[in-house]
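My structure is below; once you've seen it, I'll send some questions.
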Number of protein chains: 2
Amino acid sequence: MMTPSLRKQHERCADCGIRNRAVCSYCGPQELGLLDTIKFYRSYDPGQEIVAAGEQTDFLGSVVEGVVSLSKTMPDGRRQMVGLMFASDFVGRPMRPIAPYDAVAVTPVRLCLFNRGRFERLLKDTPVLEKRLLEMTLDELDAARDWMLLLGRKSAREKIASFLAILARRAASADNVDADDGFFFDLPLTREQMADYLGLTIETVSRQITALKKDGVVEFPDARRCRVPDFVALLDAAGEDSDGGMID
Amino acid sequence: MMTPSLRKQHERCADCGIRNRAVCSYCGPQELGLLDTIKFYRSYDPGQEIVAAGEQTDFLGSVVEGVVSLSKTMPDGRRQMVGLMFASDFVGRPMRPIAPYDAVAVTPVRLCLFNRGRFERLLKDTPVLEKRLLEMTLDELDAARDWMLLLGRKSAREKIASFLAILARRAASADNVDADDGFFFDLPLTREQMADYLGLTIETVSRQITALKKDGVVEFPDARRCRVPDFVALLDAAGEDSDGGMID
DNA sequence: CGATATTTTGACCCGGCTCAACCCAAGTGG
DNA sequence: CCACTTGGGTTGAGCCGGGTCAAAATATCG
């Protein structure tokens, strides 16, 4: 059930790969030491459920590696992804023990977790933690609102292009490669998951990707690897302003 | 430009109508006194712009009365509403001085505002303020995610029904009337604004409202006033589970 | 009362959904 | 080694929900 290879059981917070991007990034050595004593790790295989909608969650924490999807399902089975969490993103909502959506591991995932009660007590006593959490929540809200524009007003082609632009941007800032010849990155999602992300069907996702390939906006060495030769052209296909893309 | 009737210039925080729902709701008498000295009010007419996307905002605060819409516009003019703020909701993002969307007064609006720098300093020194703000931001994120499901997966009819259900719920809890014979409420939005909220066109909004009337799910004494005789029927039309509606 | 904005209604069309077939790579077991 | 399955992914044909364009009906307001 759990991949042993992911089981690096305990890691010092100070040496952690997400140490300066996660909730804990404003913590000093002292608070970090405290976190060290109460955190624990848990690993999940692709497709494995982390929490189900409506369920009580007794833990919350950070994505250390891998990708987690959050999604809502209607009574008749229609599904919409509402969150896509990468390394250093925070999963779980303090003060709200009931999960309003499913969280599922998209890739192999490792989480750094805290007991809910303990974390909430710690939050109260650690302003820097709370401040960082507020910041991250505001960022997520911004992302959610961009996403709403995508879902409500963009065409299928624009949706696909927008999604690829998000991944390209992520890849560029993560690998901090300054793209001598376009951006390369892997699609972490299946076509079905992309459809759930974008409010489309698999077929439409596939067709629009084909169309973008045909137009030379993107290249796919294989179905899961993508190259963007001209980022501005991609933004253009996404219906976005050609500027606000890469500046941080 | 500003409606004089809205100009009750200064009100003691302790007597404020939104005192126990807004950001300040966890503040004690001491913190409240401090807020009293630095807050100021500003009023807006329907349709008046509060901040424009891309603009620097030097203030932020609470909606005291009225309704404010937040919306994003694409280069070609397509618009999507991404937030709808009522009395006690917080407007503006601490630590992010550039507004990523337009904020517009939908009805006559009165805001209780703070200078950005002063508020951010206050936040740092007042954990209860920050805690409340975090809570409110998490709630907004939840609302945004419900909204994403609506935009991505619901039919036009379901979208309209969902929106009316939100308003009915608000009305029921605000007027704390236990609906002896259905819920009554006013639509704060024009058809165009509803269309922007729901990712539809005006025409489709109009048609689907007509259809819901014809099916007896809702009644419209006039174009802006609505009665819901059977809330469960409305939830059903919204494609939602018939339970999770009214419980808080 | 005209004049302007908002809402409704109608006719038509198209983008994306549905249904169905097919392709391809990776297992799996005989 | 090959036959068979399984899970993505792609492609095609046809349809329909919601968009577009146009006009009528209904407020709202000097």
Side-chain angles (χ1 to χ4, degrees), chain A residues 45-48 69 74 76-80 104 106-107 150-164 186-215 218-226 237 239, chain B residues 3 45-48 74 76-80 106-108 150-164 186-215 218-226 237 239:
Chain A
D45 289 325
Q48 199 179 345
S69 75
M74 292 176 63
D76 64 2
R78 279 173 284 174
R79 199 175 319 128
Q80 175 64 52
V104 177
V106 166
T107 63
L150 177 149
L151 291 172
R153 295 302 188 192
K154 291 192 177 179
S155 69
R157 181 190 171 94
E158 288 170 333
K159 285 178 174 183
I160 298 285
S162 299
F163 178 62
L164 295 177
D186 284 312
L187 294 188
L189 305 187
T190 65
R191 296 292 187 261
E192 182 174 25
Q193 290 164 336
M194 288 182 63
D196 287 346
Y197 186 107
L198 299 170
L200 297 172
T201 58
I202 334 180
E203 295 94 326
T204 301
V205 169
S206 181
R207 277 189 253 270
Q208 294 302 328
I209 287 182
T210 304
L212 286 173
K213 278 192 292 192
K214 206 166 304 178
D215 296 349
V218 292
E219 296 162 24
F220 282 80
D222 76 75
R224 288 295 200 95
R225 186 142 189 85
C226 179
Chain B
T3 315
D45 289 326
Q48 199 180 345
M74 293 176 63
D76 65 2
R78 280 174 282 174
R79 199 174 321 127
Q80 174 64 52
V106 165
T107 64
L150 178 149
L151 291 172
R153 293 304 188 192
K154 291 192 176 179
S155 69
R157 180 191 171 92
E158 289 169 332
K159 285 178 174 183
I160 298 286
S162 299
F163 178 63
L164 295 177
D186 284 312
L187 293 188
L189 305 187
T190 65
R191 297 292 187 261
E192 182 173 27
Q193 290 164 337
M194 287 182 64
D196 285 346
Y197 186 107
L198 299 169
L200 297 172
T201 59
I202 340 179
E203 294 94 326
T204 300
V205 169
S206 181
R207 277 189 254 270
Q208 295 301 329
I209 286 182
T210 304
L212 287 173
K213 277 192 292 193
K214 206 166 303 178
D215 296 349
V218 292
E219 296 161 23
F220 282 80
D222 78 74
R224 287 298 198 92
R225 185 140 189 87
C226 178

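Remember, it's a predicted structure, so these values are computed and weren't measured experimentally. Chain letters run A, B, ... following the sequence lines, proteins first, then strands; residues in each count from 1.
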Return the value, rounded to whole Å, for the distance between atom CD1 of A:Ile209 and atom C1' of D:dG9. 10 Å
Whether the side chain of B:Arg157 engages the backbone of B:Gln208 through a donor-acceptor N/O pair (distance < 3.5 Å, no angle test) should be reported. no
Contact boundaries of DNA chain C with chain B (under 4.0 Å, heavy atoms), 5' to 3'? C:dT7 to C:dA11
Strictly distance-based, threshold 3.5 Å: is any side-chain N or O of B:Arg153 a donor or acceptor partner for the main-chain N or O of A:Arg79? yes
Indicate every side-chain donor-acceptor pair of residues 198-205 of chain B with a distance under 3.5 Å to a residue at least two apart or in another chain.
residue	atom	partner	partner atom	Å
B:Thr201	OG1	B:Thr204	N	3.4
B:Thr201	OG1	B:Thr204	OG1	3.1

Using a heavy-atom cut-off of under 4.0 Å over every strand shown, decide if B:Ser206 touches base, sugar-phosphate, or nothing. base
Distance-only, no hydrogens or angles: does the B:Asp186 side chain make a donor-acceptor pair with backbone N or O of B:Pro188 under 3.5 Å? no
Checking the side chain of A:Gln80 only, and the main-chain atoms of A:Tyr197 only, is there a donor and an acceptor separated by less than 3.5 Å? yes
Just by protein heavy atoms under 4.0 Å, how would nucleotides 15-30 of chain D read 5' to 3' in B, S and -? ---SSBB---------
Considering every strand and a 4.0 Å limit on heavy-atom distances, what is the contact class for A:Arg224: base, sugar-phosphate, or nothing? sugar-phosphate
What's the CD1-C1' distance between A:Ile202 and D:dG7, to the nearest Å? 11 Å
Heavy-atom side-chain proximity of B:Lys154 to B:Ser162 below 4.5 angstrom: yes
Nearest heavy-atom contact between A:Leu189 and A:Met194 is CB-CG, 3.9 Å
Say you draw a straight line from CZ of A:Arg224 to CZ of A:Arg191; how long is it, rounded to the nearest 0.5 Å? 7.5 Å
